[in-house]
2 protein chains.
Amino acid sequence: MTTTIRTAPTGTGVGMAPVVPTTSALTPLGIDEVRITDGFWADRQRVNGSATLPHIEHWLEREGWLGNFDRAAAGTLPAGRRGREFSDSEVYKYLEAVAWEIGRLGGDDALEARFRAVVARVAAAQEADGYLNTRFGRPGQGERWSDLEWGHELYCLGHLFQAAVARERTDPGGDDGLLGIATRAADLVCDVFGADGIQSVCGHAEVEVGLAELGRVTGRQRYVEQASLFVERRGNGVLADIEWGRSYFQDDVPIRQAQALRGHAVRANYLAAGATDVAVEHGDAGLLDALRGQWDRTIARRTYLTGGQGSHHQDEAFGEDFELPSDRAYSETCAGIASIMFSWRLLIEDRDVRYADHIERVLYNVLATSPSADGTAFFYANTLHQRTPGESSPDDEVSPRASSSERAPWFDVACCPPNVARTMASLSSLLATSDDGGVQIHQFATSTIDTVVAGGRLRLELETAYPRAGVVTLRIVEAPDTSVTLSLRVPSWAEDARIVVRPAEGGTEERAVAPGYADVERGFAAGDVLELAFSVRPRVTRPDPRIDAIRGSVAVERGPEVYCVESLDLPGGDDALGRIELVAGTAPVEQEDGRLAVELRSRPVSDGPWPYREGDAQPSGGDTFTATIAPYHSWAERGPSTMRVWIPTA
Amino acid sequence: MTTTIRTAPTGTGVGMAPVVPTTSALTPLGIDEVRITDGFWADRQRVNGSATLPHIEHWLEREGWLGNFDRAAAGTLPAGRRGREFSDSEVYKYLEAVAWEIGRLGGDDALEARFRAVVARVAAAQEADGYLNTRFGRPGQGERWSDLEWGHELYCLGHLFQAAVARERTDPGGDDGLLGIATRAADLVCDVFGADGIQSVCGHAEVEVGLAELGRVTGRQRYVEQASLFVERRGNGVLADIEWGRSYFQDDVPIRQAQALRGHAVRANYLAAGATDVAVEHGDAGLLDALRGQWDRTIARRTYLTGGQGSHHQDEAFGEDFELPSDRAYSETCAGIASIMFSWRLLIEDRDVRYADHIERVLYNVLATSPSADGTAFFYANTLHQRTPGESSPDDEVSPRASSSERAPWFDVACCPPNVARTMASLSSLLATSDDGGVQIHQFATSTIDTVVAGGRLRLELETAYPRAGVVTLRIVEAPDTSVTLSLRVPSWAEDARIVVRPAEGGTEERAVAPGYADVERGFAAGDVLELAFSVRPRVTRPDPRIDAIRGSVAVERGPEVYCVESLDLPGGDDALGRIELVAGTAPVEQEDGRLAVELRSRPVSDGPWPYREGDAQPSGGDTFTATIAPYHSWAERGPSTMRVWIPTA
């Protein structure tokens, strides 16, 4: 797929990316500067544009969530309002996704027309003072800001702001009006919730990231300060107590004092992302340290092997430390995306490879898992253990169940599909950054990079079969005259990593590199080649013994991908999955298609009247056989099955 | 404590028990026939009467749930209505508990006055056609029966019927009016929901058991038939679909086709209990077989070691087969009680010891666990693993949290306290039954039995230090002239069980007996003694390997009691609980106070940045030490702590 850049000449510094801090250690390269051209993510970006975006617009229309804006403009609300209290936000996330997609494609007349049509409907619903929400404020509706715990008004506006930021960054100074809608609403928020205003916050964090970025893109510091007020107010019990406690919306402990992310996993990560934005803009080292500490503990004790977060179905929340059941792992798709948002902000501030490692883990095992191969059905929750085959969701039915064991086309709470779409469309913004001295490659995809570094143009072609192979080839197409540092991430699990420099003029330099960033500093010239190579052999991974739910089990990983066993690949049907053990001392064997062969044993089980008994452990003997396991992100593509990531060992 | 029997002369057949089928293999002995006089359960019955009942009435008044009836009578509803949609039912469960307590005490003037005062307030709220509910049917409220999924109207009436049954059985023909209130409401239910009426059911089963027993006590078959209609209608999708699926209220599969209990664990067991009543009254072998099968599978695959049921917090529901996480085990107190109700009905129909074994397990490990020693705070959920110390609930605060890790005085949803109270007050009805040939002892407590068997009076004195000791002594005080069979339950886990007959006239017969019922048939005379003895040595119990959440762990049981480790008994504080292992090959050692000493190891853990790693299992070495463990039902009595039932092994 060839694309041309429509706006924002290379290196203008418009920053065609979701996150562009005023200052940070690393500057994100925009989606105009990094283009994914082939491979794992190119395929998914193509499906996202061609199938997922039309699918989402269809459902927004069909469910009446777009129509709510028309009814607002016509003055016929609340009669006939459709959807949950946060349905406006799905329209905004769709707009954000479309804005990035137009930017990614370098323009698309049909998509542009659809974008403008939706913006016009949103615009017509905005009230004279900037207020915009289809659920509150009219006769027969709740009053504005009357239900901060559950009303999601500020949450919805946060997504509006992110959409406007995406549009302004991909079509600077454009005439569609979305930025004006956003700033009018943001001004109202500042008036109402400012230092002398309502001393509370929204039950669902999100407006913080939206305000911070809107402040960055418009240069209006007022928005950043409003984000800061929201960040600092929360945690002081400003919201009402609820059944699950104020930790649900992070109103239990002030953010500077919290030890780990807790409560609703999406809210917690959105808040942490917004707090990072505020801390970076303020140069607030104390707040940044608190956030780093929360990230560390959350990753060390509250994160699934897939990078997924959130153990509880009931409140979509983190569990306690090491409470990470595979059964009913919630691992909401949106929580994964939110965790990327938080991690990315720390990465560009700290240049610490651990953030990039985690982002990659989430990309391959949460973001890539949610959508079906055809891009029109989605996992909302991402369990690590499916005990009974799911029921297929009909193509034309809304799924009420976040715990659906099959991907579903749409949900009553449909946060995940448009969140996937906006992340996929803007994905190349997570691949690379620059600083004064060079460029850093954080994620591997066949792609082109075209930016300005050290006063000169730097054009790179990156080629890789990753994650199938652990070789990344970086060809310099054009480079500044001065010395430049190219840094390539070496993942934490990478073994035998070596970097080879093959200058165009001949000669080869090779050296071993450790996990972290492998830096190559030199005067590069067109035709120079860097090659990073490391092993992606399968790894058998064990859990910390404090994660009780998976004691005595192992998982198989290969490169960034977590693998899983599906009952479709086992003799004995769905129940067989409950009896398997990985045969000790055997290693997974690679197959040509990226799947792996493992040696399993089907242990005998006795169906007694009571599943607990005195005495020695039941014998572990049983027939051994070879089975195929596949990347977790591909599970449930072949129809209902049972599945597990963690495999018991003898 | 000495008591005198106020009503119902011994052996009149009034059946002073919650469940009195028209015919069944075994006839329950009433609370007038079996009196618990000392020991474990006598203590708890005493606390229930002296502390729990006043505590409940205080909270019903304070929360305004009793006041709702006054407002209904005054015509001032819906203004000022307090509590959830099912709050009426807590008043009815309280009335049931008080009725049993008055019966247990053989009369109590003060309690009688309180009982009548509450009945009068309820009576005043009943409408002319028999309808009775404070939440529906008035201007400004939902219409009657307009929200069968969530409205709980029939559920509330079911508890009213059970209260009326309790009263009529303990005060036959009494003049308080409760039975009339119940039958007027029941007649209305039959009119509205009969064969030609509304073809639906209540979202929460309960009216079925209420109607069946009301039919039994009044002889009105119409009520039993209405119960049957409700039982058969459910499962055909008569209720609306909801987020968690129709299985939540057992409306997914007709009861004759279901394989196991599923969905909301209280609803599932209440329904199964009511269905058993209907099947027994109809002599419906097919329905009984279906229920036995569901009981079998539920016990074999969906029940915690404690006998508790329900794995999910979100929907208070059963998980899939073998989905029994210790973390956040829900095991609602009411689900345990409901499981006793179902099991008891099968026991008196089938005389199968497995039902009695399960009832005992739930009595000692769920019913006895919920209330605090002083009877004024309660566990709603009964987790098997507490990772962080709970926060103490203030004595005067309503707890919104079912997952509270501390017992709480009251809840927004306060089903459990009055359910505990009615079960405790009527507990002696679960101890013994009779049939044409004799008496069966199902549970062991120091008690007196006084009934009529084989045409003659049979009076027994049972003495035991159970569960501390495995010796039960049964002294015959008076016996019929004919031969009688006395059957004593030998629990499934009992070892070396022997029964000794010591006739008054001298001589001793002794024989080994196997788990099941040990029958002794002979012509008994006053002074004869039977002694059942078996070992209650501590047992180390392992789980079925399909229960993933507790793989590699063991639990300690002793007699009917499950034990647990509390951090208060460990060196190293609350975190120590995450590091302990039971030292292989060591056996728990009995201490004088019923607690046990176990050999534990504190394994080293390394706090890395990521809790999953390639390579061999972490070493299991570490300091060993002796720790004390105690019965699970006593946990959290000494203040906040962490706790676990399942202990990892090396």
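Letters A, B, ... are given to chains in the order of the sequence lines, protein chains preceding strands, and every chain is numbered from 1.
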* **Region of A:S311 that comes under 4.5 Å of a non-hydrogen atom in chain B** => neither
* Structure fact -> chain A shares the most heavy-atom pairs under 4.5 Å, among B:V554, B:I550, B:D327, with B:D327
* Structure fact -> Per-residue tally against chain A (heavy atom, under 4.5 Å) across B:D296, B:D357, B:I547, B:D315 peaks at B:I547
* Sort A:R361 into side chain, backbone, both or neither according to what part of it lies under 4.5 angstrom from a heavy atom of chain B. => side chain
* Structure fact -> Residue from B:L305, B:V540, B:I299 scoring the most non-hydrogen pairs under 4.5 Å with chain A is B:L305
* Where does B:R644 contact chain A at under 4.5 Å (heavy atoms): side chain, backbone, both or neither? -> side chain
* To do: Flag yes if more than 12 heavy atoms outside A:E495 fall under 6.0 Å of its CD atom; otherwise flag no.
  => yes
* Under 4.5 Å heavy-atom distance to chain B, tell me which part of A:D607 shows up: side chain, backbone, both or neither. => both
* SB check A:D321 A:R297 (cutoff 4.0 Å) -> yes
* With a 4.5 Å limit on heavy-atom distance, are the side chains of A:H264 and A:F249 in contact? -> no
* Taking B:R328 for the side chain and A:G319 for the main chain, is one N or O donor matched with an acceptor at less than 3.5 Å? -> no
* Against chain B, label A:P325 side chain, backbone, both or neither, depending on which of its atoms sit under 4.5 Å from a heavy atom there. => neither
* Asked: Any side-chain donor paired with an acceptor under 3.5 Å for A:Y248 and A:E149?
  -> no
* To do: Heavy atoms only, distances under 4.5 angstrom: which of A:S326, A:P611, A:A549, A:A555 has the most pairs with chain B? Name it, please.
  => A:P611
* Structure fact -> Heavy atoms of A:Y355 and A:S343 approach each other most closely as CB-O, 3.6 Å
* Structure fact -> The interface call for A:R387 against chain B, heavy-atom contacts under 4.5 Å, is side chain
* If you count heavy-atom pairs under 4.5 Å between each of B:S553, B:P648, B:G608 and chain A, which one has the most? -> B:P648
* Asked: Side chain, backbone, both or neither: which part of A:D548 has a heavy atom under 4.5 Å from chain B?
  -> both
* Examine whether an atom of A:R354 lies under 4.5 Å from a heavy atom of chain B, and if so say whether it belongs to the side chain, the backbone or both; otherwise answer neither. => side chain
* Is a donor on one side and an acceptor on the other found under 3.5 Å between the side chain of B:R246 and the backbone of B:L239? -> yes
* A:Y612 and B:W646: aromatic ring centres closer than 6.0 Å? -> yes
* Structure fact -> If you tally heavy-atom pairs under 4.5 Å between each of B:H358, B:E323, B:E557, B:R539 and chain A, the highest tally belongs to B:E323
* Which atom of A:N365 lies closest to which atom of A:V562, heavy atoms considered -> OD1-N, 2.9 Å
* Contact part of A:H385 toward chain B, heavy-atom cut-off under 4.5 Å: side chain, backbone, both or neither? -> side chain
* Asked: Would you call B:E581-A:R551 a salt bridge at under 4.0 Å N-O?
  -> no
* To do: Sort out for me which of A:E320, A:R579, A:H312 touches chain B most, counting heavy-atom pairs under 4.5 Å.
  => A:H312
